[in-house]
Amino acid sequence: MWLSKQMRPTPPTADADMGMTTIGGEQTGVVTRGEVRDLPVYGPGGYVWLPENGKAVLVIKGGPGGEEQCVAGMRQREAPKGMKPGEIYLYGPEGNSVYLKADGTVELRGGRIDIWGSLMVNGKPYKPCTCGEEGSI
């Protein structure tokens with residue numbers, strides 16, 4: 001009995017916490033209750049994201065005492081007006097974005113859009129119009 005009263009339970013640890021990035025990119029550093037560096041970054045499958053310096057992020061803690069940590073994401077931006085459940089909107093820097101709508105529409109916004117590989121339109125290879133160019137018939 002005396003021994004069981006003398007044993008103290010380990011202090012509770014948070015399973016998740018908000019933190020502020022101190023080092024952005026692949027070698028992410030975050031301050032929650034103290035700074036931790038070189039944290040792995042996790043996101044949805046097929047999505048690659050590198051946190052920016054000075055942004056609020058969600059840090060998930062695991063293992064005994066919460067010493068195993070990772071960055072899981074950051075607070076979402078405001079959804080576009082009229083966005084429906086199931087739709088996906090990817091914000092990028094400088095106002096670039098990709099919007100996948102429920103009706104099948106794909107909206108790409110950016111200063112320049114590059115396509116690598118072949119471009120198909122309605123199942124047929126795209127061929128740009130040469131109308132009005134010198135040498136066209």
Side-chain angles (χ1 to χ4, degrees):
M1 291 277 199
W2 178 85
L3 187 57
S4 66
K5 290 181 181 178
Q6 298 304 314
M7 295 180 68
R8 294 185 181 158
T10 56
T13 59
D15 294 330
D17 206 351
M18 291 301 293
M20 186 68 63
T21 55
T22 55
I23 302 172
E26 291 185 43
Q27 305 296 319
T28 302
V30 178
V31 172
T32 54
R33 291 185 175 88
E35 184 179 28
V36 182
R37 294 184 177 189
D38 203 21
L39 291 179
V41 177
Y42 290 86
Y47 186 91
V48 177
W49 165 71
L50 297 176
E52 297 174 77
N53 192 29
K55 297 292 182 178
V57 294
L58 176 65
V59 178
I60 297 179
K61 301 176 179 186
E67 73 274 1
E68 297 174 21
Q69 302 178 39
C70 68
V71 175
M74 59 187 278
R75 183 177 297 277
Q76 291 189 156
R77 293 187 187 178
E78 186 174 325
K81 189 171 185 152
M83 185 173 181
K84 297 180 178 123
E87 293 184 335
I88 299 170
Y89 195 95
L90 300 175
Y91 286 97
E94 307 295 324
N96 297 326
S97 65
V98 177
Y99 191 1
L100 306 177
K101 295 186 169 190
D103 65 3
T105 302
V106 177
E107 285 185 9
L108 302 174
R109 294 179 189 258
R112 174 179 161 171
I113 298 174
D114 293 332
I115 298 173
W116 294 83
S118 59
L119 175 62
M120 306 293 282
V121 177
N122 294 324
K124 296 180 182 175
Y126 173 74
K127 294 179 184 172
C129 177
T130 58
C131 306
E133 291 183 9
E134 192 174 313
S136 65
I137 300 178

Peer 1: Among pairs that include at least one residue of residues 51-78, which meet ring pair (Phe, Tyr, Trp, His ring centres under 6.0 Å), considering only residues two or more places apart or in two chains?
Peer 2: none
Peer 1: Decide side-chain contact (heavy atoms from CB on, under 4.5 Å) for Met74 and Thr21; before the verdict, give the C-alpha distance in whole Å, the side-chain angles of both, and the deciding distance to 0.1 Å.
Peer 2: CA-CA 10 Å; Met74 59 187 278; Thr21 55; over 6 Å; no
Peer 1: Can you sort out the partners of Ile88 under side chain to side chain contact (heavy atoms under 4.5 Å, CB included), two or more places apart, ordered by chain and number?
Peer 2: Leu90, Leu100
Peer 1: Which side-chain N or O atoms in residues 52-60 pair as donor and acceptor under 3.5 Å with protein atoms at least two apart or in another chain?
Peer 2:
none

Peer 1: According to side-chain hydrogen bond (donor to acceptor under 3.5 Å, both in side chains), does anything in residues 87-96 pair up with another residue at least two apart or in another chain? List the pairs.
Peer 2: Glu87-Tyr99, Tyr89-Ser97
Peer 1: Of all residues at least two apart in sequence or in a different chain, which pass the side chain to side chain contact (heavy atoms under 4.5 Å, CB included) check with Leu108?
Peer 2: Val98, Val106, Ile113
Peer 1: How would you list all residue pairs meeting side-chain hydrogen bond (donor to acceptor under 3.5 Å, both in side chains) that involve residues 73-85, not counting sequence neighbours?
Peer 2: none
Peer 1: List for me each residue that meets side chain to side chain contact (heavy atoms under 4.5 Å, CB included) alongside Val48, sequence neighbours excluded, and say none if there are none.
Peer 2: none
Peer 1: I'd like to check the side chain to side chain contact (heavy atoms under 4.5 Å, CB included) partners of Val36; sequence neighbours left out, ordered by chain and number.
Peer 2: Leu39, Gln69
Peer 1: Can you tell me which residue pairs pass the salt bridge (charged side-chain N to carboxylate O under 4.0 Å, His left out) test with a partner in residues 117-130, sequence neighbours excluded?
Peer 2: none
Peer 1: Locate the shortest heavy-atom distance separating Gly19 from Thr32; write the atom from each residue and the value.
Peer 2: CA-CG2, 3.8 Å
Peer 1: Can you list every ring pair (Phe, Tyr, Trp, His ring centres under 6.0 Å) pair that touches residues 100-126, not counting sequence neighbours?
Peer 2: none
Peer 1: Determine which pairs satisfy salt bridge (charged side-chain N to carboxylate O under 4.0 Å, His left out) with at least one residue from residues 95-117, sequence neighbours left out, and list them in order.
Peer 2: Lys101-Glu107, Glu107-Arg109, Arg112-Asp114
Peer 1: Just grab all the disulfide (SG to SG under 2.5 Å) pairs involving residues 44-75, residues at least two apart or on different chains.
Peer 2: none
